[in-house]
Amino acid sequence: MARWILVAGARRVIIAMEHTTKDGQPKILKKCTLPLTGVGVVHTIVTEMAYINVTPQGMVLEEVAPGRIR
């Protein structure tokens, strides 16, 4: 099921999502494979594993959930 979210005009966009698919593949991709409602507007990604800031230079891992680093 696709979820469409309009981000036009938002001051700050925070994405809350699961970090991996059911089979363990990462959901955070280098390039989006779905239609976009905004390009380059995400500021932060929050998952059950990590808190990630999105900057013009790339993604910055800010925090990792306890017990997630091996």
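As a basis for the values below, the full set of heavy atoms in this structure was taken, side chains included, without hydrogen atoms, waters or symmetry mates.
- Listed by chain and number, the residues in a side chain to side chain donor-acceptor pair (under 3.5 Å) with Arg11 amount to none (sequence neighbours excluded).
- Annotation for Val42 and Val54: closest pair O-CB, 3.4 Å, computed over non-hydrogen atoms.
- Looking only at side-chain heavy atoms (C-beta outward), Ile15 and Thr44 stay at 4.5 Å or farther from each other.
- Taking Ile, Leu, Val, Met, Phe, Trp and Tyr as members and joining any whose side-chain heavy atoms lie under 4.5 Å apart, directly or through other members, the hydrophobic cluster of Tyr51 also contains Ile14, Val46.
- Applying the salt bridge (Lys or Arg N to Asp or Glu O under 4.0 Å) test to pairs two or more places apart or on separate chains, those with a residue in residues 17-28 are Glu18-Lys27.
- For the pair Met49/Val64, no side-chain contact is recorded, criterion being any heavy-atom separation below 4.5 Å from C-beta on.
- The main-chain N or O of Gln25 is found under 3.5 Å from a side-chain atom of Thr21 such that the two form a donor-acceptor pair.
- In terms of heavy-atom proximity, Thr20 sits nearest to Glu48 at N-OE2, 4.3 Å.
- Residues Ala50 and His19 share a closest heavy-atom pair of CB-CE1, 4.2 Å.
- For the pair Glu62/Ile52, no side-chain contact is recorded, criterion being any heavy-atom separation below 4.5 Å from C-beta on.
- Using modelled atom types, one side-chain atom of His43 and one backbone atom of Val41 make a donor-acceptor pair closer than 3.5 Å.
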